[in-house]
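Reminder, nothing fancy here: chain letters follow the sequence lines and each chain counts from 1.
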Number of protein chains: 2
Amino acid sequence: MREQPPYRRFAEVLRSRIENEEWKPGERLPSRAQLAEEGGVTTDIVRRAQEWLITQGVLTGRVGSGTYVAEQRERVRVVHSPEREQAGQAPFYVDMAALGRRGTSESRTDGMVPATPDIAARLGIAEGDYCVRTSYEYLADGKPVQLLTSWEPYSITAGSLVILPETGPLAGAGVVRRMAEIGITVAEVEERPDAGHADADEAHLLGIQKGALVTRIRRTYFSDDGRAVETADIVVPSALCEIIYRFPVTR
Amino acid sequence: MREQPPYRRFAEVLRSRIENEEWKPGERLPSRAQLAEEGGVTTDIVRRAQEWLITQGVLTGRVGSGTYVAEQRERVRVVHSPEREQAGQAPFYVDMAALGRRGTSESRTDGMVPATPDIAARLGIAEGDYCVRTSYEYLADGKPVQLLTSWEPYSITAGSLVILPETGPLAGAGVVRRMAEIGITVAEVEERPDAGHADADEAHLLGIQKGALVTRIRRTYFSDDGRAVETADIVVPSALCEIIYRFPVTR
DNA sequence: TCGAATTTGTGCGTATGTATC
DNA sequence: GGATACATACGCACAAATTCG
(Lines give C-alpha, C1' and ligand atoms only; values in the text may rest on other atoms or scores of the structure.)
Protein backbone atom coordinates (compact mmCIF):
# COMPACT_ATOMS: atom_id res chain seq x y z
CA MET A 1 0.00 0.00 0.00
CA ARG A 2 1.43 3.30 -0.99
CA GLU A 3 1.47 6.46 1.04
CA GLN A 4 -1.51 8.75 1.07
CA PRO A 5 -1.09 12.25 -0.42
CA PRO A 6 -0.95 15.20 1.98
CA TYR A 7 -4.50 16.37 1.36
CA ARG A 8 -5.88 12.93 2.20
CA ARG A 9 -3.80 12.77 5.36
CA PHE A 10 -5.08 16.17 6.44
CA ALA A 11 -8.64 15.10 5.61
CA GLU A 12 -8.26 12.24 8.08
CA VAL A 13 -6.97 14.67 10.69
CA LEU A 14 -10.08 16.79 10.20
CA ARG A 15 -12.33 13.74 10.24
CA SER A 16 -10.97 12.50 13.55
CA ARG A 17 -11.24 15.95 15.11
CA ILE A 18 -14.88 16.00 14.03
CA GLU A 19 -15.45 12.51 15.44
CA ASN A 20 -13.98 13.73 18.73
CA GLU A 21 -16.69 16.39 18.65
CA GLU A 22 -14.21 19.23 18.56
CA TRP A 23 -16.76 20.71 16.18
CA LYS A 24 -20.32 19.46 16.32
CA PRO A 25 -22.80 19.06 13.45
CA GLY A 26 -23.88 22.44 12.14
CA GLU A 27 -20.90 24.26 13.60
CA ARG A 28 -18.43 26.20 11.51
CA LEU A 29 -14.82 25.15 11.13
CA PRO A 30 -12.02 27.72 11.42
CA SER A 31 -11.07 29.35 8.12
CA ARG A 32 -8.66 27.71 5.74
CA ALA A 33 -5.95 30.16 6.71
CA GLN A 34 -6.26 29.23 10.37
CA LEU A 35 -6.41 25.49 9.76
CA ALA A 36 -3.41 25.71 7.44
CA GLU A 37 -1.46 27.69 10.00
CA GLU A 38 -2.04 25.35 12.93
CA GLY A 39 -1.70 22.24 10.75
CA GLY A 40 1.53 23.29 9.09
CA VAL A 41 0.16 22.84 5.57
CA THR A 42 -0.79 25.19 2.75
CA THR A 43 -4.29 26.57 2.41
CA ASP A 44 -4.63 24.58 -0.79
CA ILE A 45 -4.10 21.31 1.07
CA VAL A 46 -6.83 22.37 3.48
CA ARG A 47 -9.10 23.21 0.58
CA ARG A 48 -8.61 19.83 -1.09
CA ALA A 49 -9.09 18.00 2.20
CA GLN A 50 -12.37 19.85 2.74
CA GLU A 51 -13.42 19.17 -0.86
CA TRP A 52 -12.85 15.47 -0.29
CA LEU A 53 -14.82 15.44 2.95
CA ILE A 54 -17.64 17.34 1.24
CA THR A 55 -17.97 14.60 -1.37
CA GLN A 56 -17.99 12.12 1.54
CA GLY A 57 -20.89 13.98 3.13
CA VAL A 58 -18.90 14.92 6.23
CA LEU A 59 -18.74 18.66 5.56
CA THR A 60 -20.74 21.23 3.64
CA GLY A 61 -19.33 24.43 2.22
CA ARG A 62 -21.13 27.75 2.03
CA VAL A 63 -19.41 30.26 -0.18
CA GLY A 64 -18.61 33.52 1.57
CA SER A 65 -19.60 32.08 4.91
CA GLY A 66 -17.52 29.07 5.88
CA THR A 67 -17.21 25.31 6.00
CA TYR A 68 -19.58 23.49 8.33
CA VAL A 69 -19.88 20.03 9.80
CA ALA A 70 -22.76 18.37 7.95
CA GLU A 71 -25.91 17.82 9.95
CA GLN A 72 -26.95 14.32 9.16
CA ARG A 73 -30.70 14.55 8.88
CA GLU A 74 -32.46 11.25 9.29
CA ARG A 75 -33.27 9.81 5.91
CA VAL A 76 -36.94 9.62 5.05
CA ARG A 77 -38.05 6.15 4.02
CA VAL A 78 -40.31 6.02 0.99
CA VAL A 79 -41.69 2.57 0.31
CA HIS A 80 -42.80 1.79 -3.22
CA SER A 81 -45.16 -1.17 -3.06
CA PRO A 82 -48.42 -2.32 -4.65
CA GLU A 83 -50.28 -1.51 -1.45
CA ARG A 84 -49.07 2.04 -1.23
CA GLU A 85 -50.57 2.91 -4.57
CA GLN A 86 -54.12 1.98 -3.75
CA ALA A 87 -54.71 4.54 -1.01
CA GLY A 88 -56.85 7.53 -1.93
CA GLN A 89 -53.98 9.95 -1.59
CA ALA A 90 -50.65 10.67 -3.23
CA PRO A 91 -48.03 7.99 -2.42
CA PHE A 92 -45.77 10.48 -0.67
CA TYR A 93 -48.41 11.26 1.96
CA VAL A 94 -48.83 7.54 2.65
CA ASP A 95 -45.11 7.31 3.40
CA MET A 96 -45.09 10.32 5.68
CA ALA A 97 -48.14 9.09 7.58
CA ALA A 98 -46.39 5.74 8.11
CA LEU A 99 -43.35 7.54 9.50
CA GLY A 100 -45.39 9.79 11.77
CA ARG A 101 -44.15 12.85 9.95
CA ARG A 102 -45.99 15.80 8.56
CA GLY A 103 -46.13 15.43 4.79
CA THR A 104 -46.93 18.53 2.77
CA SER A 105 -46.28 19.72 -0.75
CA GLU A 106 -46.08 22.83 -2.82
CA SER A 107 -47.20 22.55 -6.40
CA ARG A 108 -47.35 24.74 -9.47
CA THR A 109 -49.30 23.76 -12.54
CA ASP A 110 -47.57 25.07 -15.63
CA GLY A 111 -50.71 24.56 -17.72
CA MET A 112 -50.69 22.96 -21.12
CA VAL A 113 -47.35 22.27 -22.76
CA PRO A 114 -46.52 20.35 -25.95
CA ALA A 115 -44.99 16.93 -25.39
CA THR A 116 -41.26 16.61 -25.96
CA PRO A 117 -40.06 13.51 -27.84
CA ASP A 118 -39.17 11.82 -24.55
CA ILE A 119 -42.49 12.56 -22.87
CA ALA A 120 -44.44 11.62 -25.98
CA ALA A 121 -42.71 8.24 -26.09
CA ARG A 122 -43.37 7.61 -22.42
CA LEU A 123 -47.06 8.51 -22.71
CA GLY A 124 -47.58 6.84 -26.06
CA ILE A 125 -48.83 10.04 -27.70
CA ALA A 126 -47.63 12.10 -30.63
CA GLU A 127 -44.80 14.57 -30.25
CA GLY A 128 -46.30 18.01 -29.73
CA ASP A 129 -49.59 16.74 -28.33
CA TYR A 130 -50.60 18.78 -25.31
CA CYS A 131 -50.05 17.73 -21.73
CA VAL A 132 -50.79 19.27 -18.37
CA ARG A 133 -47.49 19.72 -16.59
CA THR A 134 -47.31 20.12 -12.82
CA SER A 135 -44.27 20.58 -10.59
CA TYR A 136 -44.20 19.50 -6.96
CA GLU A 137 -41.90 19.99 -4.05
CA TYR A 138 -42.56 17.44 -1.32
CA LEU A 139 -41.78 18.37 2.26
CA ALA A 140 -41.33 16.24 5.39
CA ASP A 141 -41.92 18.27 8.55
CA GLY A 142 -41.59 21.39 6.43
CA LYS A 143 -38.22 20.49 4.91
CA PRO A 144 -37.99 19.62 1.20
CA VAL A 145 -37.04 16.01 0.49
CA GLN A 146 -38.20 15.26 -3.06
CA LEU A 147 -38.98 17.00 -6.35
CA LEU A 148 -41.50 15.76 -8.88
CA THR A 149 -42.65 16.93 -12.29
CA SER A 150 -45.64 15.20 -13.83
CA TRP A 151 -47.21 15.15 -17.29
CA GLU A 152 -50.74 14.04 -18.09
CA PRO A 153 -52.10 13.83 -21.63
CA TYR A 154 -54.66 16.59 -22.15
CA SER A 155 -56.77 14.17 -24.16
CA ILE A 156 -57.48 12.09 -21.07
CA THR A 157 -58.65 14.67 -18.60
CA ALA A 158 -59.98 17.30 -21.01
CA GLY A 159 -63.33 18.66 -19.95
CA SER A 160 -63.34 16.87 -16.60
CA LEU A 161 -63.07 18.33 -13.13
CA VAL A 162 -59.72 16.65 -12.50
CA ILE A 163 -57.90 18.30 -15.39
CA LEU A 164 -55.78 20.29 -12.94
CA PRO A 165 -54.23 17.84 -10.49
CA GLU A 166 -53.92 20.13 -7.52
CA THR A 167 -57.15 22.11 -7.56
CA GLY A 168 -60.65 21.17 -6.47
CA PRO A 169 -61.80 18.49 -4.07
CA LEU A 170 -59.30 15.87 -5.26
CA ALA A 171 -56.16 17.94 -4.68
CA GLY A 172 -53.51 15.69 -3.17
CA ALA A 173 -55.56 12.59 -3.89
CA GLY A 174 -53.01 11.00 -6.19
CA VAL A 175 -53.29 9.81 -9.75
CA VAL A 176 -55.06 6.51 -9.00
CA ARG A 177 -57.92 8.20 -7.12
CA ARG A 178 -58.26 11.05 -9.61
CA MET A 179 -58.37 8.78 -12.63
CA ALA A 180 -60.97 6.60 -10.92
CA GLU A 181 -63.14 9.73 -10.74
CA ILE A 182 -63.34 9.88 -14.54
CA GLY A 183 -63.82 6.16 -15.00
CA ILE A 184 -60.22 5.13 -15.63
CA THR A 185 -58.77 2.24 -13.65
CA VAL A 186 -55.04 2.51 -13.00
CA ALA A 187 -53.72 -1.03 -13.01
CA GLU A 188 -49.95 -0.90 -13.16
CA VAL A 189 -46.99 1.34 -12.40
CA GLU A 190 -43.52 1.29 -13.89
CA GLU A 191 -40.54 3.00 -12.28
CA ARG A 192 -37.12 3.41 -13.84
CA PRO A 193 -34.56 4.62 -11.28
CA ASP A 194 -31.21 5.94 -12.42
CA ALA A 195 -28.24 7.44 -10.61
CA GLY A 196 -27.34 11.08 -11.18
CA HIS A 197 -26.09 14.34 -9.71
CA ALA A 198 -28.12 17.30 -8.48
CA ASP A 199 -27.85 20.38 -10.70
CA ALA A 200 -27.66 23.86 -9.22
CA ASP A 201 -31.44 24.44 -9.26
CA GLU A 202 -32.28 21.09 -7.70
CA ALA A 203 -29.62 21.56 -5.04
CA HIS A 204 -31.08 24.95 -4.18
CA LEU A 205 -34.65 23.66 -3.94
CA LEU A 206 -33.65 20.67 -1.82
CA GLY A 207 -31.11 22.41 0.38
CA ILE A 208 -28.30 20.04 -0.56
CA GLN A 209 -24.87 20.43 -2.13
CA LYS A 210 -24.66 20.97 -5.85
CA GLY A 211 -23.51 17.75 -7.46
CA ALA A 212 -24.78 15.59 -4.60
CA LEU A 213 -25.92 12.09 -5.50
CA VAL A 214 -29.56 11.70 -6.43
CA THR A 215 -31.73 8.96 -7.80
CA ARG A 216 -33.89 10.05 -10.71
CA ILE A 217 -37.00 7.98 -11.16
CA ARG A 218 -39.08 8.03 -14.31
CA ARG A 219 -42.49 6.79 -13.22
CA THR A 220 -45.42 5.95 -15.49
CA TYR A 221 -48.92 4.83 -14.54
CA PHE A 222 -50.87 2.58 -16.89
CA SER A 223 -54.62 2.01 -17.04
CA ASP A 224 -56.15 -1.46 -17.23
CA ASP A 225 -56.35 -1.16 -21.02
CA GLY A 226 -52.62 -0.52 -21.20
CA ARG A 227 -52.64 3.21 -21.88
CA ALA A 228 -50.19 5.49 -20.10
CA VAL A 229 -52.20 7.99 -18.06
CA GLU A 230 -49.44 9.88 -16.27
CA THR A 231 -45.66 10.03 -16.29
CA ALA A 232 -43.38 11.83 -13.87
CA ASP A 233 -39.73 12.67 -13.23
CA ILE A 234 -38.88 12.29 -9.55
CA VAL A 235 -35.66 13.57 -7.99
CA VAL A 236 -34.74 11.75 -4.80
CA PRO A 237 -31.62 13.06 -3.04
CA SER A 238 -29.62 10.23 -1.54
CA ALA A 239 -28.79 12.23 1.58
CA LEU A 240 -32.43 12.87 2.44
CA CYS A 241 -34.42 9.91 1.20
CA GLU A 242 -34.13 6.15 1.32
CA ILE A 243 -36.11 4.41 -1.41
CA ILE A 244 -37.48 0.95 -0.74
CA TYR A 245 -39.20 -1.31 -3.24
CA ARG A 246 -41.14 -4.09 -1.63
CA PHE A 247 -43.30 -6.60 -3.45
CA PRO A 248 -44.42 -10.20 -3.18
CA VAL A 249 -42.78 -13.10 -4.96
CA THR A 250 -45.85 -14.50 -6.70
CA ARG A 251 -46.13 -18.23 -6.95
CA MET B 1 -25.70 34.20 -19.41
CA ARG B 2 -22.05 34.51 -18.81
CA GLU B 3 -19.28 33.32 -21.05
CA GLN B 4 -18.13 29.74 -20.91
CA PRO B 5 -14.57 29.04 -19.68
CA PRO B 6 -12.02 27.98 -22.33
CA TYR B 7 -12.07 24.29 -21.40
CA ARG B 8 -15.84 24.14 -21.83
CA ARG B 9 -15.63 25.91 -25.17
CA PHE B 10 -12.97 23.49 -26.36
CA ALA B 11 -15.08 20.57 -25.09
CA GLU B 12 -17.89 21.72 -27.37
CA VAL B 13 -15.46 21.89 -30.28
CA LEU B 14 -14.45 18.29 -29.61
CA ARG B 15 -18.07 17.23 -29.18
CA SER B 16 -19.13 18.69 -32.51
CA ARG B 17 -16.15 17.14 -34.29
CA ILE B 18 -17.21 13.79 -32.83
CA GLU B 19 -20.80 14.33 -33.90
CA ASN B 20 -19.54 15.05 -37.41
CA GLU B 21 -17.93 11.61 -37.23
CA GLU B 22 -14.43 12.97 -37.64
CA TRP B 23 -13.63 10.27 -35.12
CA LYS B 24 -16.02 7.35 -34.79
CA PRO B 25 -16.93 5.38 -31.65
CA GLY B 26 -13.97 3.32 -30.48
CA GLU B 27 -11.44 5.38 -32.39
CA ARG B 28 -8.56 7.16 -30.74
CA LEU B 29 -8.31 10.94 -30.65
CA PRO B 30 -5.01 12.66 -31.43
CA SER B 31 -2.81 13.19 -28.40
CA ARG B 32 -3.33 16.18 -26.16
CA ALA B 33 -0.20 17.81 -27.53
CA GLN B 34 -1.52 17.59 -31.08
CA LEU B 35 -5.04 18.77 -30.19
CA ALA B 36 -3.59 21.66 -28.22
CA GLU B 37 -1.33 22.62 -31.12
CA GLU B 38 -4.02 22.69 -33.78
CA GLY B 39 -6.61 24.23 -31.45
CA GLY B 40 -4.38 27.04 -30.23
CA VAL B 41 -4.86 26.16 -26.57
CA THR B 42 -2.69 24.67 -23.84
CA THR B 43 -2.55 20.94 -23.19
CA ASP B 44 -4.21 21.62 -19.85
CA ILE B 45 -7.29 23.06 -21.54
CA VAL B 46 -7.44 19.93 -23.69
CA ARG B 47 -7.10 17.77 -20.62
CA ARG B 48 -9.96 19.50 -18.79
CA ALA B 49 -12.16 19.40 -21.86
CA GLN B 50 -11.57 15.67 -22.19
CA GLU B 51 -12.20 15.20 -18.45
CA TRP B 52 -15.53 16.98 -18.81
CA LEU B 53 -16.55 14.87 -21.81
CA ILE B 54 -15.52 11.71 -19.96
CA THR B 55 -17.93 12.54 -17.13
CA GLN B 56 -20.56 13.14 -19.81
CA GLY B 57 -19.93 9.68 -21.22
CA VAL B 58 -18.72 10.99 -24.59
CA LEU B 59 -15.10 9.91 -24.22
CA THR B 60 -13.13 7.32 -22.30
CA GLY B 61 -9.49 7.64 -21.28
CA ARG B 62 -7.01 4.80 -21.21
CA VAL B 63 -3.82 5.67 -19.38
CA GLY B 64 -0.72 5.14 -21.43
CA SER B 65 -2.75 4.53 -24.54
CA GLY B 66 -4.95 7.45 -25.49
CA THR B 67 -8.38 9.04 -25.34
CA TYR B 68 -11.15 7.26 -27.24
CA VAL B 69 -14.65 8.06 -28.41
CA ALA B 70 -16.97 6.10 -26.13
CA GLU B 71 -18.78 3.19 -27.72
CA GLN B 72 -22.31 3.50 -26.48
CA ARG B 73 -23.29 -0.07 -25.79
CA GLU B 74 -27.01 -0.64 -25.70
CA ARG B 75 -28.23 -0.64 -22.15
CA VAL B 76 -29.48 -3.95 -20.86
CA ARG B 77 -33.00 -3.78 -19.43
CA VAL B 78 -33.48 -5.62 -16.15
CA VAL B 79 -37.10 -5.74 -15.03
CA HIS B 80 -37.77 -6.23 -11.35
CA SER B 81 -41.32 -7.50 -10.99
CA PRO B 82 -43.24 -10.04 -8.93
CA GLU B 83 -43.45 -12.34 -11.95
CA ARG B 84 -39.72 -12.39 -12.62
CA GLU B 85 -38.99 -13.81 -9.19
CA GLN B 86 -41.10 -16.92 -9.54
CA ALA B 87 -39.17 -18.52 -12.40
CA GLY B 88 -36.92 -21.41 -11.47
CA GLN B 89 -33.76 -19.53 -12.34
CA ALA B 90 -31.85 -16.50 -11.15
CA PRO B 91 -33.64 -13.23 -12.05
CA PHE B 92 -30.78 -12.06 -14.24
CA TYR B 93 -31.17 -15.02 -16.61
CA VAL B 94 -34.89 -14.26 -16.93
CA ASP B 95 -34.03 -10.75 -18.09
CA MET B 96 -31.46 -11.90 -20.60
CA ALA B 97 -33.80 -14.53 -22.01
CA ALA B 98 -36.47 -11.86 -22.47
CA LEU B 99 -33.98 -9.69 -24.35
CA GLY B 100 -32.74 -12.54 -26.51
CA ARG B 101 -29.25 -12.20 -25.14
CA ARG B 102 -26.89 -14.80 -23.80
CA GLY B 103 -26.87 -14.47 -20.02
CA THR B 104 -23.97 -16.05 -18.17
CA SER B 105 -22.24 -15.54 -14.87
CA GLU B 106 -19.00 -16.19 -13.10
CA SER B 107 -19.20 -16.85 -9.38
CA ARG B 108 -16.82 -17.43 -6.53
CA THR B 109 -18.00 -18.69 -3.15
CA ASP B 110 -15.85 -17.22 -0.41
CA GLY B 111 -17.07 -19.84 2.05
CA MET B 112 -18.20 -19.02 5.55
CA VAL B 113 -17.61 -15.52 6.84
CA PRO B 114 -18.79 -13.86 10.06
CA ALA B 115 -21.61 -11.34 9.61
CA THR B 116 -20.66 -7.68 9.76
CA PRO B 117 -22.99 -5.40 11.74
CA ASP B 118 -24.69 -4.28 8.51
CA ILE B 119 -25.21 -7.80 7.17
CA ALA B 120 -26.36 -9.05 10.56
CA ALA B 121 -28.99 -6.33 10.76
CA ARG B 122 -30.22 -7.07 7.25
CA LEU B 123 -30.50 -10.81 7.90
CA GLY B 124 -31.85 -10.48 11.43
CA ILE B 125 -29.03 -12.54 12.91
CA ALA B 126 -26.37 -11.80 15.51
CA GLU B 127 -23.19 -10.00 14.60
CA GLY B 128 -20.48 -12.56 13.96
CA ASP B 129 -22.88 -15.37 13.08
CA TYR B 130 -21.62 -17.24 10.05
CA CYS B 131 -22.86 -16.68 6.53
CA VAL B 132 -22.04 -18.16 3.14
CA ARG B 133 -20.79 -15.35 0.95
CA THR B 134 -20.77 -15.64 -2.82
CA SER B 135 -19.65 -13.10 -5.43
CA TYR B 136 -21.07 -13.00 -8.94
CA GLU B 137 -20.22 -11.23 -12.12
CA TYR B 138 -23.13 -11.26 -14.55
CA LEU B 139 -22.44 -11.12 -18.27
CA ALA B 140 -24.66 -10.28 -21.23
CA ASP B 141 -23.30 -11.75 -24.45
CA GLY B 142 -20.02 -12.28 -22.66
CA LYS B 143 -19.62 -8.68 -21.47
CA PRO B 144 -19.94 -7.88 -17.76
CA VAL B 145 -22.97 -5.76 -16.86
CA GLN B 146 -23.63 -6.31 -13.16
CA LEU B 147 -21.86 -7.32 -9.95
CA LEU B 148 -23.53 -9.08 -7.04
CA THR B 149 -22.40 -10.26 -3.63
CA SER B 150 -24.78 -12.38 -1.60
CA TRP B 151 -24.91 -13.54 2.00
CA GLU B 152 -26.99 -16.43 3.30
CA PRO B 153 -27.18 -17.36 6.99
CA TYR B 154 -25.33 -20.62 7.56
CA SER B 155 -28.05 -21.66 10.01
CA ILE B 156 -30.61 -21.89 7.21
CA THR B 157 -28.81 -24.03 4.67
CA ALA B 158 -26.48 -25.95 7.01
CA GLY B 159 -26.36 -29.63 6.22
CA SER B 160 -28.43 -29.36 3.06
CA LEU B 161 -27.37 -29.84 -0.51
CA VAL B 162 -27.99 -26.19 -1.39
CA ILE B 163 -25.51 -24.77 1.11
CA LEU B 164 -23.26 -23.65 -1.72
CA PRO B 165 -25.39 -21.58 -4.15
CA GLU B 166 -23.45 -22.30 -7.29
CA THR B 167 -22.60 -25.97 -7.06
CA GLY B 168 -24.72 -29.05 -7.62
CA PRO B 169 -27.88 -29.47 -9.68
CA LEU B 170 -29.43 -26.17 -8.55
CA ALA B 171 -26.56 -23.93 -9.64
CA GLY B 172 -28.02 -20.85 -11.29
CA ALA B 173 -31.50 -21.69 -10.09
CA GLY B 174 -31.93 -18.58 -7.97
CA VAL B 175 -32.74 -18.15 -4.32
CA VAL B 176 -36.47 -18.82 -4.58
CA ARG B 177 -36.01 -22.21 -6.23
CA ARG B 178 -33.13 -23.26 -3.98
CA MET B 179 -34.97 -22.37 -0.78
CA ALA B 180 -38.03 -24.27 -1.99
CA GLU B 181 -35.79 -27.33 -2.16
CA ILE B 182 -35.27 -27.25 1.60
CA GLY B 183 -38.89 -26.45 2.41
CA ILE B 184 -38.65 -22.68 2.70
CA THR B 185 -41.14 -20.53 0.81
CA VAL B 186 -39.77 -17.17 -0.29
CA ALA B 187 -42.71 -14.78 -0.12
CA GLU B 188 -41.38 -11.25 -0.44
CA VAL B 189 -38.43 -9.28 -1.73
CA GLU B 190 -37.22 -5.86 -0.66
CA GLU B 191 -34.86 -3.75 -2.74
CA ARG B 192 -33.23 -0.53 -1.62
CA PRO B 193 -31.56 1.27 -4.55
CA ASP B 194 -29.13 4.08 -3.93
CA ALA B 195 -26.97 6.25 -6.18
CA GLY B 196 -23.21 5.94 -6.03
CA HIS B 197 -19.91 5.92 -7.89
CA ALA B 198 -17.89 2.95 -9.11
CA ASP B 199 -14.66 2.40 -7.22
CA ALA B 200 -11.48 1.29 -8.99
CA ASP B 201 -12.14 -2.45 -8.54
CA GLU B 202 -15.73 -2.26 -9.70
CA ALA B 203 -14.76 -0.15 -12.69
CA HIS B 204 -12.12 -2.70 -13.65
CA LEU B 205 -14.50 -5.66 -13.36
CA LEU B 206 -17.25 -3.92 -15.32
CA GLY B 207 -15.06 -2.29 -17.94
CA ILE B 208 -16.29 1.21 -17.14
CA GLN B 209 -14.63 4.42 -16.04
CA LYS B 210 -13.65 4.75 -12.39
CA GLY B 211 -16.13 7.07 -10.69
CA ALA B 212 -18.89 6.33 -13.21
CA LEU B 213 -22.45 6.49 -11.91
CA VAL B 214 -23.86 3.26 -10.52
CA THR B 215 -26.98 2.22 -8.68
CA ARG B 216 -26.29 0.08 -5.65
CA ILE B 217 -29.18 -2.14 -4.67
CA ARG B 218 -29.42 -3.84 -1.32
CA ARG B 219 -31.78 -6.74 -1.89
CA THR B 220 -33.23 -9.03 0.76
CA TYR B 221 -35.51 -12.04 0.33
CA PHE B 222 -37.97 -12.94 3.07
CA SER B 223 -39.67 -16.27 3.71
CA ASP B 224 -43.40 -16.58 4.38
CA ASP B 225 -42.74 -16.55 8.11
CA GLY B 226 -40.95 -13.22 7.79
CA ARG B 227 -37.36 -14.39 8.16
CA ALA B 228 -34.63 -12.97 5.93
CA VAL B 229 -33.15 -15.85 3.92
CA GLU B 230 -30.71 -14.01 1.69
CA THR B 231 -29.37 -10.52 1.25
CA ALA B 232 -27.23 -9.14 -1.56
CA ASP B 233 -25.37 -6.04 -2.69
CA ILE B 234 -25.88 -5.43 -6.39
CA VAL B 235 -23.84 -2.95 -8.42
CA VAL B 236 -25.64 -1.75 -11.54
CA PRO B 237 -23.62 0.61 -13.75
CA SER B 238 -25.82 3.29 -15.24
CA ALA B 239 -24.03 3.14 -18.58
CA LEU B 240 -24.68 -0.58 -19.07
CA CYS B 241 -27.98 -1.36 -17.36
CA GLU B 242 -31.43 0.12 -17.21
CA ILE B 243 -33.39 -0.93 -14.14
CA ILE B 244 -37.16 -1.17 -14.34
CA TYR B 245 -39.54 -1.84 -11.50
CA ARG B 246 -42.97 -2.89 -12.61
CA PHE B 247 -45.79 -3.97 -10.34
CA PRO B 248 -49.58 -3.86 -10.19
CA VAL B 249 -51.60 -1.23 -8.37
CA THR B 250 -53.65 -3.53 -6.16
CA ARG B 251 -57.24 -2.65 -5.59
C1' DT C 1 -27.20 51.63 2.82
C1' DC C 2 -23.08 50.56 1.13
C1' DG C 3 -18.51 48.98 0.72
C1' DA C 4 -14.51 46.56 2.32
C1' DA C 5 -12.79 42.38 4.32
C1' DT C 6 -13.34 37.52 4.72
C1' DT C 7 -14.31 32.95 3.06
C1' DT C 8 -15.33 29.44 -0.09
C1' DG C 9 -15.43 27.95 -5.12
C1' DT C 10 -13.41 27.67 -9.99
C1' DG C 11 -9.98 27.78 -13.49
C1' DC C 12 -5.38 27.09 -15.00
C1' DG C 13 -0.35 25.75 -15.46
C1' DT C 14 3.41 22.89 -13.84
C1' DA C 15 5.45 18.84 -11.94
C1' DT C 16 5.21 14.15 -11.08
C1' DG C 17 3.22 9.41 -11.24
C1' DT C 18 1.87 5.35 -13.85
C1' DA C 19 0.28 2.49 -17.48
C1' DT C 20 0.94 1.30 -22.38
C1' DC C 21 3.29 0.43 -26.55
C1' DG D 1 13.94 -0.34 -21.41
C1' DG D 2 12.80 3.98 -23.44
C1' DA D 3 9.30 6.97 -25.28
C1' DT D 4 4.67 8.32 -25.16
C1' DA D 5 0.18 9.17 -23.25
C1' DC D 6 -3.14 9.88 -19.72
C1' DA D 7 -3.95 10.62 -14.44
C1' DT D 8 -3.04 12.85 -10.06
C1' DA D 9 -1.45 16.35 -7.02
C1' DC D 10 -0.28 20.93 -5.94
C1' DG D 11 0.09 26.04 -5.83
C1' DC D 12 -1.48 30.32 -7.41
C1' DA D 13 -4.81 33.78 -9.06
C1' DC D 14 -9.25 35.30 -9.29
C1' DA D 15 -14.33 35.10 -9.03
C1' DA D 16 -18.57 34.75 -6.23
C1' DA D 17 -21.04 35.04 -2.07
C1' DT D 18 -21.42 36.40 2.53
C1' DT D 19 -20.51 39.03 6.58
C1' DC D 20 -19.90 43.02 9.23
C1' DG D 21 -18.76 47.53 10.33
For this session: State the OG-CZ distance between B:Ser105 and B:Phe92, to the nearest 0.5 angstrom.
Result: 8.0 Å
Whole-Å gap separating [atom2] ([N]) and [atom1] ([X]):
X        : N      : atom1 : atom2 : result
A:Arg48  : D:dC12 : CZ    : C1'   : 10 Å
B:His204 : D:dA7  : NE2   : C1'   : 16 Å
B:Arg8   : C:dG11 : CZ    : C1'   : 12 Å
B:Glu37  : D:dT4  : CD    : C1'   : 17 Å

For this session: Please determine, by modelled atom types, if B:Asp194 and A:Ser238 share a side-chain donor-acceptor pair under 3.5 angstrom.
Result: yes
Exercise. For B:Tyr245 and B:Glu191, does a side-chain donor sit closer than 3.5 Å to a side-chain acceptor?
Worked result: yes
Exercise. With sequence neighbours left out, which residue pairs that include part of residues 201-211 of chain B fulfil the side-chain hydrogen bond (donor to acceptor under 3.5 Å, both in side chains) condition?
Worked result: B:Glu202-B:Arg216
Seminar exercise, completed: Quick tally for nucleotides 2-10 of chain C: nucleotides whose base has a protein heavy atom under 4.0 Å get B, sugar-phosphate-only ones S, the rest -, giving -----BBBB
For this session: Report yes or no: is the cationic atom of A:Arg8 (NZ for Lys, CZ for Arg) under 6.0 Å from the centre of the six-membered ring of A:Trp52, at an angle within 45° of the ring normal?
Result: yes
For this session: Identify, with sequence neighbours excluded, every residue that meets side chain to side chain donor-acceptor pair (under 3.5 Å) alongside B:Glu22.
Result: B:Arg17
